[in-house]
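Encoded as structure tokens, the structure appears first; notes follow it.
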Amino acid sequence: MSELLANLNQEQFAAVTLPNQSALILAGAGSGKTRVLTTRIAWLIQTGQATPANILAVTFTNKAAKEMTARLSAMLPINLRGMWIGTFHGLCNRFLRAHHQDAGLPAMFQILDSADQLSAIKRLLKALNVDDEKHPPKEVMYFINGNKDAGLRPQHVEADDEFGRKRVEYYRAYDEQCQREGVVDFAELLLRTYELLLKNELLREHYQSRFKHILVDEFQDTNVLQYKWLKLLAGAGLQGAAPATANAIFAVGDDDQSIYAFRGARVGNMLDFERDFHVQNLIKLEQNYRSHGHILDAANALIKNNAQRLGKNLWTDAGHGEPVRVFESQTDLDEARWLISEIKALIADGSKRSEIALLYRSNAQSRVIEQMLFAEGIPYKVYGGLRFFERAEVKHAIAYLRLLANPDDDTSYARVVNFPARGIGARSLEQLNDAAKTRDMANPAGISFYRAVPLLPQGKAAQSFAAFNKLIDGMREATQHLPLKEIIDHVLDHSGLRAHYKAEREGQERLENLNELINAAANFTQEDEDSLIAFLTHASLEAGDNQAEAGQDAVQLMSVHSSKGLEFNQVFITGLEEGLFPHENSTKELDGIDEERRLMYVAITRARHRLYLSFAQTRMLHGQTRYNSKSQFLNEIPEQGLKWLTPRFGSVWAGDDDFVATEKPTYAKSKAPGDSGWRIGQNVLHAKFGNGVIVDAEGSGQDGRLQVNFGRNGVKWLALAYAKLEKV
DNA sequence: TCTTGTCCGGTTTTT
DNA sequence: CCGGACAAGA
């Protein structure tokens, strides 16, 4: 016990040993968050306050869940089975597999990843003859997911115009299609689980009495539905305050690191949680064990510019360390050249390449840097590309496997019915689609492609489809009792995938990936479950690491978003320019700049010993040279902690108007009425609509109109002469 | 039905 | 500028 709690600082200790009540732990970057979470679980068990079966620990990424499990098994000499540790989606999947009947799902239900979902929606819209100019599939997808993430079914969505009604109709049709095909998308995993718990009292009470301790990692990233789900599991009721009988939720999060609002995360959940669960135990972990003082000072000073924080200040006893280095270059190419020389120097000084990270706001920025690293022969690894299970050839193989498990999965059917080519084109598939829409009493929603084949009028197409069905059935029978690895091997041969890629000139790499799939299957061991289903779930839920060239000591390139949770000895934050970081699109969203600033905060706090910030005066973007001014975030970091590597005076950035250029500059769009001081991106307050941000403007002075995004209150055009707007 | 050209659009990402 | 998505020829 004392061993368990040894070496915790005062706040960590307090958090770990809190009494059995809900608590919110504000854990700053590098403050030992994971350690507190895992030690808390171990402590609850060791002191006899909980059994493993009483624990539910939920994270956002598989990586975090694995890390937690690994650390726990190092701490506890007991079997961790019975404890539910996993991602929101993973846990919901587990729940739905166990209660698929109550949830109205087939035992073999398949999980659609985002790409599958998009193609399912495309197929649906095509079948409904929807004009995809007016309703682009991507937007329909965002609409559906946005509503599911908020816990809303089609009947809950209000639509006040024709356009809105149409989208709700598509949402409803999409849900019907998924139901018929026996597939669920990511958001559905959560929503289905939530709804089942809501309506089934027996199940709800069972899980409520089981999970006495619910622990949540990265709480600031939860969306509306995830929070509702947690409340339900905790027995906290849906409205208002939780009763005293509610289970304890131990939430760990950092509002300053909330960078996923764009995908539905709601920081406000932290405040709601405090209120709903009468949180008396708010503990701040502010001692940072990662970075030197100057780096933390920069981070603290920057994030102070955000309003609406829960408030937190990182400190360290590791000393000031080195100043933050700043480099200004003429062009993006110069920036890359400087990066290379600096990296070479660091390596020459004995730094490991894998301890050097190059961060950027958007992935497109990596190209220039990559090219130069490649030319110089410096090993590097880019994160954020295609992942293993997202590769086309792997998805094809998976589609065949899914059809073995569930032939009604139309997305998979459509994907491979003509791959490799079997003379079944778009025309034939359309015919089949028509046949599948046939409704009768037995099948009010229509039937799947697979089942529609016998309904086709005799002809060439009907024969081709029948042959394909036979192929699938044949493979299913032949592989029925084989181990997973041999199932896949059989499918690769009999589907013709292997032969297809063998014949292709550049198919070598794809073949290797298919073999890699067999390897993955061979290493995949799942105890008491149907191994094929388990493997398919694994493929959907854990897309697999990016092209990991394991073992190679390489410089790390990634977007700021993907750097969250990681740390490096030396960090370069590149492209610190207005329009790029902060990104220009962010100015059009409510609180957009604040989220960009949190992003910058995340970036800064990745660095242990040395932090570099760089920006370029001109940058090639979309084939055009853009002239940007340096990022406002640079101005928000106090000068005394900075060390400029380039001279500051004579900089062309003395003022935008003094700009001297040989080419005609293309400024970032900034039209605003006259000199009134209104500008795009400005935050404003309106008596009726509340807080908003200016997105567009026309006219000038008192004749001008401003377009303002008021978030949930909509986007409005306001005439300056009438509307009373305050700058915030 | 499969290959070649043109057009468009272009943050961030996990599950 | 560069890749993906779709429309016209072999």
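Basis for what follows: all heavy atoms, side chains included, without hydrogens, waters or symmetry-related copies. Note on naming: letters A, B, ... go to the chains in the order of the sequence lines (proteins, then strands), and numbering restarts at 1 for each one.
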Atom-pair distance ([atom1] on [X]; [atom2] on [N]), nearest Å:
X	N	atom1	atom2	value
A/Leu359	B/dT12	CG	P	14 Å
A/Arg263	B/dT12	CZ	P	13 Å
A/Phe186	B/dT13	CZ	P	16 Å
A/Lys148	B/dT15	NZ	P	19 Å
A/Gln117	B/dT14	CD	C1'	13 Å
A/Asp185	B/dT14	CG	P	18 Å
A/Asp221	B/dT15	CG	C1'	13 Å
A/Tyr360	B/dT12	OH	C1'	12 Å

In terms of side-chain geometry, is the basic nitrogen of [X] or [Y] positioned less than 4.0 Å from the acidic oxygen of its partner?
X	Y	answer
A/Lys148	A/Asp175	yes
A/Lys395	A/Asp113	yes
A/Asp591	A/Arg598	no
A/Glu218	A/Lys33	yes

B/dT13 and C/dC2, which share atom name C1', separated by this distance in whole Å: 22 Å
Spacing of the C1' atoms in B/dT14 and C/dG3 (rounded, Å): 24 Å
So, for [X] and [Y], is the gap between ring centers shorter than 6.0 Å?
X	Y	value
A/Phe60	A/Tyr260	no
A/His100	A/Phe109	no
A/Phe143	A/His135	no
A/Tyr413	A/Phe468	yes

Taking OP1 and OP2 of B/dT15, is either one under 4.0 Å from a side-chain nitrogen or oxygen of A/Thr87? no
Taking only the side-chain nitrogens and oxygens of A/Arg367, find out if one of them lies under 4.0 Å from OP1 or OP2 of C/dC2.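 True: A/Arg367 side-chain N/O within range (under 4.0 Å) of C/dC2 OP1/OP2.
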Just call it for [X]: base, sugar-phosphate, or nothing, with non-hydrogen atoms closer than 4.0 Å on any strand.
X	value
A/Ala421	sugar-phosphate
A/Asp113	nothing
A/Asn418	sugar-phosphate
A/Tyr260	sugar-phosphate
A/Ser114	base

Atom pairs, protein N/O to nucleotides 8-11 of chain B N/O, distance under 3.5 Å:
unit_1: B/dG10; atom_1: N3; unit_2: A/His622; atom_2: ND1; d: 3.2
unit_1: B/dT11; atom_1: O4'; unit_2: A/His583; atom_2: NE2; d: 3.3
unit_1: B/dT11; atom_1: O4; unit_2: A/Glu589; atom_2: OE2; d: 3.0

Please compare A/Gly423 and A/Ser562 by the position of their nearest nucleotide in DNA chain B and report the one closer to 5'.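 That would be A/Gly423.
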